[in-house]
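As structure tokens, the structure follows; a few thoughts come after it.
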Amino acid sequence: MAKDILLEIGTEEIPAKFMPGALKQLAELAKAMLVAERINYSEIRTVGTPRRLTLIVRQADEQQADKRSENKGPAVKIAYNEDGSASKAAQGFARGQGVDVAQLVVKDGYVYAIVEETGRSVRELLPQLFRTLIDSLNFPKNMRWGNIDMRFVRPIRWMVALFGSEVIPFTVAEVTAGNVTRGHRFMSKGDIAVTSVDDYFSKLAENHVMVDQDVRRAVIREQIEKMAVSQGGTASIDEDLLEEVVFLVEYPTSLCGRFEDKYLSLPPEAVITPMREHQRYFPVFGKDGKLLPVFITIRNGGADYIDIVRHGNERVLRARLDDARFFFEEDQKIKLADRVEKLKTIVFQDGLGTLYDKTKRLEELSAFIIIHAGRAESELVTAKRAAYLAKADLVTGMVNEFTELQGVMGREYASLSGEDSAVATAIYEHYLPRFAGDSLPASVSGQAVSIADKLDNIVATFSRGLIPTGSQDPFALRRQALGIVNILLQGQYHVSLDALFAYTMDLLNITSAEKRAKITADLQDFFRLRLKNILVDEKIRYDMIDAVMAVGTDDVYDTWLRAKAISLNGGTAAMQQAVQALTRVANLAKNAASEVVDSALLSHEAEVALYEAYEQANKSVSQLIEKRDYPGVLQVMAQLAQPIDAFFGAVMVMVEDQGVRNNRLALLKSITTLAQRVADLSKIAVN
């Protein structure tokens, strides 16, 4: 009979940001262990609150599945003596497998031991499985407590372990598992005895614990939305903040607070940031889209004394907003441009000068990007001015206090200092995108400065040998490289990455040819992988991605256009036939010494026809490539399939006459080179 498994690890409050990963890890480890132990079940899920990590396994078998295995032993000639008796090698193997030597089976020239293992009681296995599971959990930071020789995210205070209704006792960190859990720290009635998984949920609910994080999330969202409507507005629910709040509380209750209208004179971000980032509050906007002097927060408890809690939250926010207002007013006493000189006092990276030095590089690199991409020269002035001012807000009081406002305050102070609105916008945009899914810079100047800033960061860091490895990326270089690639794609920039790398290294005074070559190769690999990930996300097949990238990725947008064309046309019957024909051509073309074709040596009707088809295709492709019409190029290449097939059906390429042979190979080489202006079609899998 199947039974449910329940394991609850009760702790002191776990940091909210650790919880999603911990619950996912707990489920994955449990699944792997149950599979390894041959324990069948119907469902695994994990739930949790700040004070507990809980594993639930539904309908687990009471007995392990039996196991039958064939274990390979020594070769027959080693296993048996000349007289047919078992050798010491066979006897030792049988003994090690726990079978009689006479039970060994001969197969494929070897002896095998057939081992039958009867499944054990799951009840007997669970204590060790639970201990191993808890010991296997990893967290970003662990701690020790008392004299206990164990590290865990927070001190373990209680554990519940049930198999059906039966307690599975085991001890970890001097805590023995039982059937007693704990409710809300302040609202529960004391220890709670549970008898099953269903009883566990209902008893905790009675004691003011919503143990299922999905339920808490839905309740919190509903409470926030209703509260905002009651205030005549709409709440801005940031999903990351919501996730954090879900794991800060066990029993959520929303409350609404207010702040004085005078703070609305601040830039909206200067009000929202202290709310969201520092106090975990949700801002509310009116029907006109403007910020209201209202915030919504979630308390961990019921509605008792809610007015006192509201007053405390309002007082804390007021202090934060007073700080913001003070810094905002003080910062305006000095123009943004007058702060640039102060950047000379801030080191950018060890051995790479100051932020002022970086600012001067950004001016030059932004201009280079605009010119190299063929953008309007009118953008140069805006981009260079934005680059000059881009980092100036880092030395303002507001950004020093609220670092999340870098770029935002640069835009505000630039406008207040009388700078052109396009310059102010570019200052803000140069930090975009800040995270996955964030918006990209929309203006040409913003795009140029954003690319320049990120590229300078990446090349400078690579020059110090600090290349991201594995999961280690302390400078967020992968995110920045992905941002560059996405900006190039959105802005449809046809620029050479190698040219950008080289110019950036020039600005960084990297002169060693050997070092430049090494950095360039590393950067090429780094950006190639970012582009490949984007193409994979766009559901383009791996073989098509490899085919396109095999002929170059220096122009990111051009590579993307070629990949989309291949993805759109590569699966058609005509293109599949062309791929087969061109792959055959490419295989023989490897033997070609040159691509120079002597038309006088073309004697057979089929090779003359192929040469004429190639000549016509070459003209058409050149015109289409100039317009970057890659679907058109593929259509032209598909038309070569028929003359290629006719050529191979009628002509022997590798004839004895060396001149004729080389001329035919040169023709095939020319066709291959033409096809590779889009992709290496030989890498595409044919259905």
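Just so it is clear, the structure is predicted and the values come from calculations on it, not from any experiment.
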So which atom in [X] and which in [Y] form the shortest heavy-atom distance, rounded to 0.1 Å?
{"X": "Q349", "Y": "N457", "result": "NE2-O, 4.0 Å"}
{"X": "G552", "Y": "T559", "result": "O-OG1, 3.5 Å"}
{"X": "M409", "Y": "P267", "result": "CE-CG, 4.1 Å"}
{"X": "L137", "Y": "A22", "result": "CD2-O, 4.4 Å"}
{"X": "G446", "Y": "S443", "result": "N-OG, 2.9 Å"}
{"X": "S450", "Y": "I487", "result": "OG-CD1, 3.3 Å"}

Spacing of [atom1] belonging to [X] relative to [atom2] belonging to [Y], to within rounding of 0.5 Å:
{"X": "L23", "Y": "T46", "atom1": "CG", "atom2": "OG1", "result": "4.5 Å"}
{"X": "L26", "Y": "S136", "atom1": "CG", "atom2": "OG", "result": "10.5 Å"}
{"X": "D357", "Y": "K344", "atom1": "CG", "atom2": "NZ", "result": "9.0 Å"}
{"X": "I458", "Y": "I519", "atom1": "CD1", "atom2": "CD1", "result": "13.0 Å"}
{"X": "I644", "Y": "Y614", "atom1": "CD1", "atom2": "OH", "result": "12.0 Å"}
{"X": "R339", "Y": "I334", "atom1": "CZ", "atom2": "CD1", "result": "4.5 Å"}

State whether the side chain of [X] and the backbone N or O of [Y] hold a donor-acceptor pair below 3.5 Å, judged by distance alone.
{"X": "K384", "Y": "S366", "answer": "no"}
{"X": "T504", "Y": "V459", "answer": "no"}
{"X": "D331", "Y": "G397", "answer": "yes"}
{"X": "N618", "Y": "L674", "answer": "no"}
{"X": "E277", "Y": "T403", "answer": "no"}
{"X": "Q25", "Y": "N138", "answer": "yes"}
{"X": "R562", "Y": "V548", "answer": "yes"}
{"X": "D438", "Y": "R434", "answer": "yes"}
{"X": "T553", "Y": "M549", "answer": "no"}
{"X": "T396", "Y": "A392", "answer": "no"}

Side-chain contact, heavy-atom cut-off 4.5 Å: [X] with [Y]?
{"X": "V399", "Y": "F327", "result": "no"}
{"X": "R411", "Y": "V408", "result": "yes"}
{"X": "M150", "Y": "I134", "result": "yes"}
{"X": "V495", "Y": "Y557", "result": "no"}
{"X": "K564", "Y": "E538", "result": "yes"}
{"X": "R530", "Y": "R478", "result": "yes"}
{"X": "D420", "Y": "R385", "result": "no"}
{"X": "V556", "Y": "L497", "result": "yes"}

**Report entry** salt bridge (charged side-chain N to carboxylate O under 4.0 Å, His left out) between R217 and E243, intermediate numbers included
**Finding:** CA-CA 7 Å; R217 184 181 294 106; E243 182 83 345; 2.7 Å; yes
Query - Ring centers of F18, F247 separated by less than 6.0 Å - result: no
With a cut-off of 6.0 Å (strictly less than), are more than 12 heavy atoms of other residues, nucleotides or ligands near [atom1] of [X]?
{"X": "K454", "atom1": "NZ", "result": "yes"}
{"X": "E514", "atom1": "CD", "result": "no"}
{"X": "R151", "atom1": "CZ", "result": "no"}

Requested in this report: Please work out which of the three classes, parallel, tilted or perpendicular, describes the rings of F368 and Y503, given edges at 30° and 60°.
Outcome: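 Ring orientation, 0 to 90° scale: parallel.
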Report task. Give the C-alpha distance, both sets of side-chain angles, the deciding distance and a yes or no for salt bridge (charged side-chain N to carboxylate O under 4.0 Å, His left out) between R361 and D456. Result -> CA-CA 8 Å; R361 291 197 299 271; D456 184 79; 2.6 Å; yes
Query raised in the report: Between D525 and R528, is the closest basic N to carboxylate O distance under 4.0 Å?
Result: yes
Query raised in the report: Between D506 and R516, is there a side-chain N and carboxylate O pair less than 4.0 Å apart?
Result: yes
Requested in this report: May I have the step-by-step check of salt bridge (charged side-chain N to carboxylate O under 4.0 Å, His left out) for D453 and K391, ending in yes or no?
Outcome: CA-CA 10 Å; D453 182 40; K391 303 301 179 183; 3.2 Å; yes
Report task. Go through L582 and I671 one step at a time and tell me if the side chain to side chain contact (heavy atoms under 4.5 Å, CB included) criterion holds. Result -> CA-CA 8 Å; L582 290 166; I671 295 171; 3.6 Å; yes
Query raised in the report: Would N591 and R661 count as a side chain to side chain contact (heavy atoms under 4.5 Å, CB included) if you check the C-alpha gap in whole Å, the side-chain angles of each, and the deciding distance to 0.1 Å?
Result: CA-CA 10 Å; N591 301 309; R661 180 173 71 244; over 6 Å; no
Requested in this report: Give the intermediate values and the outcome of salt bridge (charged side-chain N to carboxylate O under 4.0 Å, His left out) for residues E363 and K360.
Outcome: CA-CA 5 Å; E363 287 186 272; K360 303 307 288 183; 2.9 Å; yes
Requested in this report: Would you check, one step at a time, whether the test side chain to side chain contact (heavy atoms under 4.5 Å, CB included) holds for T354 with I346?
Outcome: CA-CA 5 Å; T354 65; I346 304 176; 5.8 Å; no
**Report entry** Under 3.5 Å side-chain donor-acceptor pair for K669 and T673
**Finding:** no
Query raised in the report: Regarding Q406 and D393, is there a side-chain donor-to-acceptor distance under 3.5 Å anywhere?
Result: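 No, no side-chain donor-acceptor contact under 3.5 Å.
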**Report entry** Sole residue of F526, F527, F462 in ring-ring contact (aromatic ring centres under 6.0 Å, His included) with F501
**Finding:**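 Going through F526, F527, F462 one by one, the ring-ring contact (aromatic ring centres under 6.0 Å, His included) with F501 is satisfied by F527 alone.
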Requested in this report: Could you walk me through whether L508 and M505 pass the side chain to side chain contact (heavy atoms under 4.5 Å, CB included) test, one step at a time?
Outcome: CA-CA 5 Å; L508 285 163; M505 286 188 281; 5.5 Å; no
